[in-house]
Participant: 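I have a structure I would like to understand better, so I am pasting it below and will then ask my questions one at a time.
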Amino acid sequence: MEDLAQQEQNNNDFYLKKQNIKLKKNVQHIKKTCSKIMFASIKLVLIFCVFIGCSSLRTNKNGTVPVDVAREYYLINAARKYYQGDLVEAHRFLSKSISVAPDCSPCYYLMSSVLLKAGYLSDALHTSQMAFKLDSTNFWYGKHLAQISELSGNLDLSIKTYQYLLSFKKNDEDIYFDLGSLYCRQNQFDKALELYDSLQKKIGFNEKILFAKQQVYYATNNNSTALVEALRYFENDTENPQANVLLAEVFGRAGNDSLALKYLERAHEIDETYAAPLFALAEMYREGYEYDKFFDILNKVAVNKFIPLSDKLEYFTPVLQFWQQIKYQEKVENIFTLLAENYSNDWRFKQFYASFLFQTERQNQAISIIDEELKQNKQNSSAWSMKIALLYYDNNLEKVLSAIDTALVYSREKYELLLQKSSTLYELKRYKDAIAILEKTLNTNKNGKNNNEMLAFLGDLYHAVGEKKLAYKAYEKVLEVDTANISVLNNYAYYLSEDNKSLKHALEMSKKTINAEPENATYLDTYAWILHKLGRNEEAKPVFRKAMTLGARENPVILDHYGDVLFELKEYDTAILYWEDSLSKKDVANVSIIHEKIEKCKLIKNLK
């Protein structure tokens, strides 16, 4: 009698052929807009695990595993893998479970969550529809379908699903607001208002309904109704700061800025810790060019302990541009002084301040702030990265190497640092040292997250030291895993063309790069150069002409290449112009060869 674990190994037919998706190549976190959907999914997965329980293996008299046991076994394991973040394995178990039990609605629901988290929206929508089709009485399945439909742009399906849910969940406020929002997105404002009115009759008028209706009024330019309803709702609540902020918005939209300002100031008087009126006041003063008052409000924002630092920094970021005007420099600096009173030990503030100092060309002060942080927290990877970046900007490569070596002792981001170190060594033309680092890293970390990037760079380094076979082998390994790595495709194709080897294969690879980035002058040069090597100069010429419109006129190599093509087409005068242009560039190489080509071209002209 086989146990289920052995049966799993032997029966590959449990895989769903139609959903044989290579998740390993596309596992990525979804955007924040999916967070509510994922939270609901996780809740339901938890219910699965609690009610289904652990799958104790039972067999029939003939020694086979019952369908319900197999389904539960795979479903539970899928849920566990999903919790652990292993989407590939979760997908595999669910594929088996659905193959065993095609009518398993929880399997489709969880499969939809897995596919959504992996970034496959259309597949997630399809499996969500299957789950709800199998069990249309399940509220969570329906809400999941409505949310994924909206996320994928199928608003009609989302509306239809919410309407159906509302037929048996008439007291769920969230459905009313979600559906009303969708109506507004489709400009069905009358339906949105009708929906909010029906909710108001059920539960009474509240701020949430008022706010939702206000958005409809604003969208339909019905500011007068918005004002009347807001005044009526808050007529006995004049000491409510939120009410005053909302009324300020209503008056502002109605074009009465003086009253809007009055209500904002009143809201701030009632509760000085309330952030909304502060930000709104700041914007009104800024838009009205009242910059002294604007900075006064910013100072209050800076010292307000009830506003999260992240919100402050986000708002202050565009304000820093005022530093460019000498008369406001002191005011901007004062914001940092006030922030330091409460956040001097917070890395987020230090990072923000150091970035500001760097942008205002005070690199040494910026590095001093980062060094202070590193004295307190040597394992701060972000601080090390910032210090290395600042040193690199100053082109102090030896100090960059020293900082990287110190960071490697403390930081957990080893791979990234080693890649940066090898890159710095490359710029110092210490190719063999860079190669040694990458080879050692790749040999000791077979499955490192940056291995493909390291291997691609290693190929470039091998080529730099003349180890062409090793370079091509490295490129091949990268392309086995990432067939669309356009940087590797370009380099590999170009180097093959320089060796006059496998030119047709090189052209195929280069074609992929210009399809991916048709405005990239470097990739266009590679493609045109290979055409030239194949003797197809007539085809190469328009590609080079396009490259010239995309910045290639500043690249001496591309100018030289184009001159060669023009020479083959017997356009001697133009060829000489491009070669001479190439010689005028600072980074030009092969100067003597280009001079020889110019002299040869002139000789041919004279003979004619």
Side-chain angles (χ1 to χ4, degrees), residues 28-29 85 308-314 316-317 320 323 333 335-337 339-340 342-458 460-461 487:
Q28 53 182 308
H29 290 295
L309 176 61
S310 57
D311 291 349
K312 294 179 182 181
L313 299 185
E314 182 180 356
F316 287 147
T317 297
L320 301 184
W323 193 88
E333 296 283 358
I335 290 174
F336 286 103
T337 301
L339 286 171
N342 293 318
Y343 307 108
S344 60
N345 293 320
D346 193 308
W347 166 241
R348 294 172 298 171
F349 165 69
K350 292 179 183 178
Q351 187 177 29
F352 184 71
Y353 191 25
S355 296
F356 167 69
L357 290 170
F358 170 72
Q359 292 169 27
T360 52
E361 298 182 0
R362 291 176 281 179
Q363 285 89 337
N364 290 336
Q365 287 178 255
I367 291 174
S368 295
I369 289 175
I370 299 170
D371 284 338
E372 179 188 338
E373 167 66 18
L374 289 171
K375 285 180 182 178
Q376 300 171 358
N377 182 10
K378 290 183 171 63
Q379 293 183 334
N380 187 332
S381 299
S382 177
W384 283 114
S385 295
M386 193 171 187
K387 179 175 181 177
I388 292 165
L390 291 176
L391 291 171
Y392 188 85
Y393 180 82
D394 278 345
N395 202 31
N396 197 330
L397 299 184
E398 292 297 339
K399 284 190 175 182
V400 169
L401 285 178
S402 177
I404 291 174
D405 286 336
T406 308
L408 282 166
V409 176
Y410 302 105
S411 177
R412 297 175 182 176
E413 303 295 329
K414 305 291 185 186
Y415 292 160
E416 186 63 35
L417 286 168
L418 289 168
L419 193 59
Q420 287 180 329
K421 183 174 182 179
S422 59
S423 178
T424 306
L425 289 168
Y426 175 82
E427 291 199 40
L428 290 167
K429 300 190 184 307
R430 291 167 56 182
Y431 302 132
K432 291 184 178 179
D433 291 338
I435 288 171
I437 288 172
L438 294 180
E439 286 181 336
K440 181 179 178 181
T441 304
L442 290 167
N443 287 332
T444 55
N445 300 279
K446 301 292 184 182
N447 299 309
K449 64 179 181 179
N450 291 324
N451 278 13
N452 227 35
E453 188 178 358
M454 284 188 172
L455 195 56
F457 187 36
L458 184 58
D460 296 339
L461 287 166
S487 177

Participant: About how many Å separate OG1 of T424 and CG of N396, when rounded to the nearest 0.5 Å?
Facilitator: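 The OG1 atom of T424 is 11.0 Å from CG of N396, to the nearest 0.5 Å.
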
Participant: Ignoring hydrogens, what is the shortest heavy-atom contact between L428 and E398? Give both atom names and the distance.
Facilitator: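 Shortest heavy-atom contact: CD1-OE2, 3.8 Å.
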
Participant: Can you list the steps and then say if F336 with L320 is a side chain to side chain contact (heavy atoms under 4.5 Å, CB included)?
Facilitator: CA-CA 10 Å; F336 286 103; L320 301 184; 3.7 Å; yes

Participant: Nearest 0.5 Å, please: how far is CG in L391 from CD1 in I367?
Facilitator: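 Here the rounded value is 4.5 Å.
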
Participant: Sequence neighbours excluded, which residues qualify as side chain to side chain contact (heavy atoms under 4.5 Å, CB included) partners of D405?
Facilitator: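 Side chain to side chain contact (heavy atoms under 4.5 Å, CB included) list for D405, sorted by chain: L408, K421.
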
Participant: Nearest heavy-atom pair of A383 and I370: which atoms, and what distance?
Facilitator: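 Minimum heavy-atom separation between A383 and I370: O-CG2, 3.4 Å.
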
Participant: L401 versus L397: any side-chain heavy-atom pair under 4.5 Å?
Facilitator: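 No; the side chains remain at least 4.5 Å from each other.
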
Participant: Between L418 and M454, does a side chain to side chain contact (heavy atoms under 4.5 Å, CB included) hold up when you go through it step by step?
Facilitator: CA-CA 9 Å; L418 289 168; M454 284 188 172; 4.1 Å; yes

Participant: Has E314 got more than 12 heavy atoms of other residues, nucleotides or ligands less than 6.0 Å from its CD?
Facilitator: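 No, the 6.0 Å shell around CD holds no more than 12 heavy atoms from other groups.
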
Participant: For residues 364-375, pull every pair meeting salt bridge (Lys or Arg N to Asp or Glu O under 4.0 Å), keeping only residues two or more places apart or in separate chains.
Facilitator: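 Found K350-E373, D371-K387.
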
Participant: Within this structure, what is the CG-CD1 distance for the pair L425 and I435, rounded to the nearest 0.5 Å?
Facilitator: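 Interatomic distance, L425 CG to I435 CD1, rounded to 0.5 Å: 10.5 Å.
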
Participant: Can you find a pair of side-chain heavy atoms, one from Y343 and one from R348, that are under 4.5 Å apart?
Facilitator: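 Side chain of Y343 against side chain of R348, heavy atoms only: no contact under 4.5 Å found.
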
Participant: Does NZ in K414 sit with more than 12 non-hydrogen atoms of other residues, nucleotides or ligands closer than 6.0 Å?
Facilitator: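 More than 12 heavy atoms, drawn from other residues, nucleotides or ligands, come within 6.0 Å of this atom.
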
Participant: Under 3.5 Å, sequence neighbours excluded: what are the donor-acceptor pairs made by side chains of residues 351-360?
Facilitator:
unit_1: Q351; atom_1: NE2; unit_2: S382; atom_2: OG; d: 3.2
unit_1: S355; atom_1: OG; unit_2: Q351; atom_2: O; d: 2.9
unit_1: T360; atom_1: OG1; unit_2: F356; atom_2: O; d: 2.9
unit_1: T360; atom_1: OG1; unit_2: L357; atom_2: O; d: 3.1
unit_1: T360; atom_1: OG1; unit_2: R362; atom_2: NE; d: 3.1
unit_1: T360; atom_1: OG1; unit_2: R362; atom_2: NH2; d: 3.0

Participant: First locate atom CG of N380, then atom CE of M386, and finally report the distance between them rounded to the nearest 0.5 Å.
Facilitator: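 N380 CG to M386 CE: 10.5 Å, rounded to 0.5 Å.
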
Participant: Who are the side chain to side chain contact (heavy atoms under 4.5 Å, CB included) partners of S411, not counting sequence neighbours?
Facilitator: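 With neighbours one apart ignored, the set is S381, W384, E413, L417.
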
Participant: Could you tell me whether the side chain of S423 and the main chain of L419 form a donor-acceptor pair under 3.5 Å?
Facilitator: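 No.
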
Participant: Roughly how far, to the nearest 0.5 Å, is CG of L442 from CD1 of I437?
Facilitator: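 Separation between the atoms: 11.5 Å.
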
Participant: Using the test side chain to side chain contact (heavy atoms under 4.5 Å, CB included), find all partners of S368 that sit at least two apart in sequence or belong to another chain.
Facilitator: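 With neighbours one apart ignored, the set is empty.
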
Participant: To the nearest 0.5 Å, what is the distance between CH2 (W347) and CG (L374)?
Facilitator: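 It comes to 7.0 Å.
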
Participant: Mind checking what makes ring pair (Phe, Tyr, Trp, His ring centres under 6.0 Å) contact with Y431, not counting sequence neighbours?
Facilitator: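 So Y431 forms a ring pair (Phe, Tyr, Trp, His ring centres under 6.0 Å) with Y426.
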
Participant: Does any part of the side chain of F457, heavy atoms only, come nearer than 4.5 Å to the side chain of L438, both counted from C-beta?
Facilitator: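 Yes, side chains in contact.
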
